[in-house]
Engineer: 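Have a look at the structure that comes next, please.
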Amino acid sequence: MPIKIDDFVDEYVESLRCGEAGLFVGAGLSFDSGMPSWKELLKKPAEKIGMDVSKEEDLVTLAQYFVNENHNTRAAINTELKSKFAKLSNVNHNQEIIAKLPIDTIWTTNYDNLLEKAFRKNNKICDVKRNKDDFTSSPKNSSVTFYKMHGDISNFNDAVITRRQYEEYDRNFEIYVTALKSDLVRKTFLFIGYSFQDPNLRYILSQLRLLLGNSPRKHYFLIKKPKKESKESQEDFKYRLNKQRLQIEDLEQYNIEAVEVDSYEQISKVLEKIKSKIKLNHVFLSSAQSGNKEIDQDSLNRLLMSLSYKLVKNDNVIVNGYGWNAGNAIVKGALMAIMEDPSKSIDEYLKVYPFPQPDAGANRESMHKDWTNIRSEMLDNSGIAIFISGNKIEEGKIVASKGMLEEFEIAKQKNVIPISIGYTGGESKEISNLISKNYNQFYEDDKSLIESSKKLSENFLNSDDTVDLIISMIRKIQQ
């Protein structure tokens, strides 16, 4: 029986948060970028040996036939691969979403490098295992490892495509087989864009099932529900339905559960759900204060330090722009929590985006576009935003910080859930007022969240009570 989408999302997100999630990518993920089908790739080589690719299903054997007929050379196949893959350059939407997830292990049978591009675009260092030699070294501080188990566009001569290569895979690529077995035991995989026709993977899965018995790790795969096509007979449609049911039941023997989607477009929505849910433990702290008003600087620092400490203690990632007279306290609190727990690292739990300042004599207005881009980037990587104080000095007067209000507006656009400590004054008071005009928009009529929001806006609470109230709100949101 296929698992419900929401149940799958909850379970996979839990694996992501524990650092125990992997991804297995097939050709389907690159189709929206213009990835050709295997039948397209082999059409011309097939014609050269008198075969019609539209009549063939066993394309691995078809490729082998071509090599046999050409004295064990595959130049025409390599030429076709180079021609088709040279046109692939655009990263698609699903690849962009995946690149923002905290995944550190990706296996793929694809030759293209679009997913790697997406990760690098997100400033992630990729360790790409294109061949056996790549296993002997890795770049420093890499955040994700790609295993290109069938080769890479950088060297089509070694790309796995013929039946003989599949038959000899265990011997020639033993290091990949060993590593994949280990990852399938240690991590929960999502198979996406993959048809499970690869005999290598089938063999590895069967070995693991025999080795682990009834306790293999659970994995998932996305599959489209069959729909009757306009010119399809009822009998043919029933046949396809039955075939998919049998495939789902067969994969359950390897503890791989189906996640059925209504359309391929819905895959994007499933990935977005995963992204949104995983972002809920990324908390953006927005605070800046140039002048004492509703709250003095010492009280604000104590509040910020205590809040960031408790957030990290509760396994939340802090995202911050290092605002005036606020960033230092936020970083201090986070570092205290990180140093107390050997399992936590600065890179994982503290994401700081310092705002560049204009050169001496330069106009600050010229920096606004850059600042907006940084704010957008921070909130794109956050699920909850907390607003505290927010003022600055203009012409000798204390005024509300327009930058904080801009952050609130960006948060709304990106569906980031706001929490504003209105009693600290500044722009946070105005943001509390804006939230109060439509609590349901932000808290979905959750009475406990609404009451807590009112307390933070209307009552001056001590530091401990404020932090406890915010932590309880975050836990409720993350449920």
Side-chain angles (χ1 to χ4, degrees), residues 13 16-17 93 96-102 118-119 121-124 268 271-289 304 307-308 311-312 315-324 326-327 330-331 334 347-356 367-390 392 400-422 424 426-435 438-439 441-444 449 453 456 470 473-474 477-478:
V13 164
L16 282 167
R17 287 178 175 160
H93 182 55
E96 288 175 347
I97 301 171
I98 288 170
K100 292 177 180 177
L101 300 178
F119 273 81
K121 186 179 176 182
N122 279 271
N123 301 313
K124 294 181 180 180
S268 296
L271 292 174
E272 288 283 7
K273 272 191 174 186
I274 294 171
K275 176 186 166 188
S276 296
K277 200 167 184 67
I278 198 68
K279 285 200 314 176
L280 286 178
N281 79 324
H282 283 60
V283 181
F284 173 61
L285 290 183
S286 175
S287 183
Q289 179 159 299
L304 292 172
L307 178 58
S308 62
L311 285 169
V312 174
D315 290 324
N316 294 289
V317 178
I318 291 192
V319 182
N320 179 247
Y322 211 81
W324 290 107
I330 291 169
V331 170
D347 288 343
E348 286 183 291
Y349 284 88
L350 185 59
K351 311 291 184 184
V352 179
Y353 298 70
F355 281 59
M367 303 297 295
H368 282 173
K369 184 177 180 181
D370 291 333
W371 293 343
T372 296
N373 289 338
I374 292 172
R375 290 183 172 112
S376 182
E377 178 73 14
M378 287 192 292
L379 285 156
D380 195 43
N381 289 288
S382 305
I384 297 171
I386 302 176
F387 300 94
I388 310 161
S389 185
K392 62 181 181 178
S401 170
K402 293 179 181 177
M404 182 179 283
L405 185 60
E406 182 183 29
E407 287 164 358
F408 173 68
E409 293 300 328
I410 294 171
K412 283 200 302 181
Q413 292 169 16
K414 296 182 179 292
N415 296 315
V416 178
I417 299 171
I419 297 173
S420 188
I421 310 177
T424 57
E427 200 63 79
S428 70
K429 183 65 178 177
E430 173 60 20
I431 291 171
S432 287
N433 292 335
L434 292 172
I435 291 172
N438 192 355
Y439 283 121
Q441 177 184 352
F442 306 105
Y443 304 134
E444 295 183 351
L449 290 176
S453 181
L456 291 172
I470 291 172
M473 289 180 73
I474 289 174
I477 291 167
Q478 291 173 341

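Just so you know, these numbers come straight off a predicted model, no measurement behind them.
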Engineer: Quick check: do Lys412 and Leu434 have side-chain heavy atoms less than 4.5 Å from each other?
Structural biologist: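 Contact flag for Lys412/Leu434 side chains = no.
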Engineer: What's the separation between atom CD1 in Ile318 and atom CG in Leu350, rounded to the nearest 0.5 Å?
Structural biologist: 6.5 Å
Engineer: To the nearest 0.5 Å, what is the distance between NE2 (His282) and CG (Leu311)?
Structural biologist: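 Output value for this atom pair is 12.5 Å.
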Engineer: Any idea which heavy atoms bring Lys275 and Leu101 closest together, and the distance?
Structural biologist: CA-CD2, 3.6 Å
Engineer: Whether the side chain of Ser308 engages the backbone of Ile330 through a donor-acceptor N/O pair (distance < 3.5 Å, no angle test) should be reported.
Structural biologist: yes
Engineer: Does the side chain of Glu427 pick up a donor-acceptor pair with the side chain of Ser401 at under 3.5 Å?
Structural biologist: no
Engineer: For Lys124, is there any backbone N or O sitting under 3.5 Å from a side-chain donor or acceptor partner on Asn122?
Structural biologist: no
Engineer: Would you indicate whether the side-chain heavy atoms of Ile384 and Asn316 approach each other to under 4.5 Å?
Structural biologist: no
Engineer: Hey, does the side chain of Ser276 reach the backbone of Lys273 with a donor-acceptor pair shorter than 3.5 angstrom?
Structural biologist: no
Engineer: With a 4.5 Å limit on heavy-atom distance, are the side chains of Ser286 and Ile386 in contact?
Structural biologist: no
Engineer: Please name the pair of heavy atoms, one in Gly327 and one in Asn320, separated by the smallest distance, quoted to 0.1 Å.
Structural biologist: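 Where Gly327 meets Asn320 most closely, the heavy atoms are CA-OD1, 3.9 Å.
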Engineer: Less than 4.5 Å apart, any side-chain heavy atom of Ile435 and any of Ser453?
Structural biologist: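 The answer is yes; the side chains approach within 4.5 Å.
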Engineer: Minimum heavy-atom separation for Leu379 to Val416, with atom names?
Structural biologist: O-CG2, 3.5 Å
Engineer: How far does CG of Asn373 sit from CD of Glu377, to the nearest 0.5 angstrom?
Structural biologist: 9.0 Å
Engineer: Classify the ring geometry between Phe408 and Phe442 as parallel (under 30°), tilted (30 to 60°) or perpendicular (over 60°).
Structural biologist: tilted
Engineer: Flag the pair Ile417 / Tyr443 as yes when at least one side-chain heavy-atom distance between them is below 4.5 Å, and no otherwise.
Structural biologist: yes
Engineer: Between Glu348 and Val317, does a side chain to side chain contact (heavy atoms under 4.5 Å, CB included) hold up when you go through it step by step?
Structural biologist: CA-CA 7 Å; Glu348 286 183 291; Val317 178; 6.0 Å; no
Engineer: Let me see the working for Arg17 and Asn281 under side chain to side chain contact (heavy atoms under 4.5 Å, CB included), right down to the final yes or no.
Structural biologist: CA-CA 9 Å; Arg17 287 178 175 160; Asn281 79 324; 4.1 Å; yes
Engineer: Side chains of Asn381 and Tyr353: does their closest heavy-atom pair fall under 4.5 Å?
Structural biologist: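 Yes; the side chains approach each other to less than 4.5 Å.
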Engineer: Between Asp380 and Lys414, does any NZ, NE, NH1 or NH2 come within less than 4.0 Å of an OD or OE carboxylate oxygen?
Structural biologist: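 Result for this pair is yes, salt bridge flagged.
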Engineer: Would you compute the distance between atom CD1 of Ile388 and atom OG of Ser428 and round it to the nearest 0.5 angstrom?
Structural biologist: 8.0 Å
Engineer: Taking only residues two or more places apart in sequence, or in another chain, which ones meet Glu96 in a salt bridge (charged side-chain N to carboxylate O under 4.0 Å, His left out)?
Structural biologist: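 With sequence neighbours excluded, Glu96 shows a salt bridge (charged side-chain N to carboxylate O under 4.0 Å, His left out) to Lys121, given in chain and number order.
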Engineer: Could you walk me through whether Phe387 and Ile419 satisfy the side chain to side chain contact (heavy atoms under 4.5 Å, CB included) test, starting with their C-alpha distance in whole Å, then the side-chain angles of each, then the deciding distance to 0.1 Å, before giving a yes or no?
Structural biologist: CA-CA 6 Å; Phe387 300 94; Ile419 297 173; over 6 Å; no
Engineer: Look up atom CG in Leu285 and atom CD in Glu407, then write down how far apart they are to the nearest 0.5 Å.
Structural biologist: 11.0 Å
Engineer: Does the Ser287 side chain pair with the main chain of Ala326, one donor and one acceptor, at a distance under 3.5 Å?
Structural biologist: no
Engineer: Roughly how far apart are Thr372 OG1 and Glu406 CD, rounded to 0.5 Å?
Structural biologist: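 The OG1 atom of Thr372 sits 3.5 Å away from the CD atom of Glu406.
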Engineer: Is it true that Ser432 and Ser420 share a donor-acceptor pair across their side chains at a distance under 3.5 Å?
Structural biologist: yes
Engineer: Would you call the rings of Trp371 and His368 parallel, tilted or perpendicular, taking 30° and 60° as the class edges?
Structural biologist: tilted
Engineer: How close do Pro354 and Val352 get, counting heavy atoms only, and between which atoms?
Structural biologist: CD-O, 3.4 Å
Engineer: Take Phe119 and Ile98, measure what side chain to side chain contact (heavy atoms under 4.5 Å, CB included) needs, and give me the verdict at the end.
Structural biologist: CA-CA 8 Å; Phe119 273 81; Ile98 288 170; 4.1 Å; yes
Engineer: Should Val283 and Val319 count as side-chain neighbours, where that means a heavy-atom distance under 4.5 Å?
Structural biologist: no
Engineer: Which pair of non-hydrogen atoms, one from Leu456 and one from Met473, has the smallest distance, and what is that distance?
Structural biologist: CD1-SD, 3.8 Å
Engineer: Within a strict 4.5 Å, meaning less than it, do heavy atoms of the His93 and Ile97 side chains meet?
Structural biologist: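 The answer is yes; the side chains approach within 4.5 Å.
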Engineer: Is Gln478 reaching over with its side chain to a backbone N or O of Leu280, donor-acceptor style, under 3.5 angstrom?
Structural biologist: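 Yes; at least one donor-acceptor contact below 3.5 Å.
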Engineer: Suppose we screen for salt bridge (charged side-chain N to carboxylate O under 4.0 Å, His left out). Which residues come up paired with Glu444, at least two apart in sequence or across chains?
Structural biologist: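 Expected list: none.
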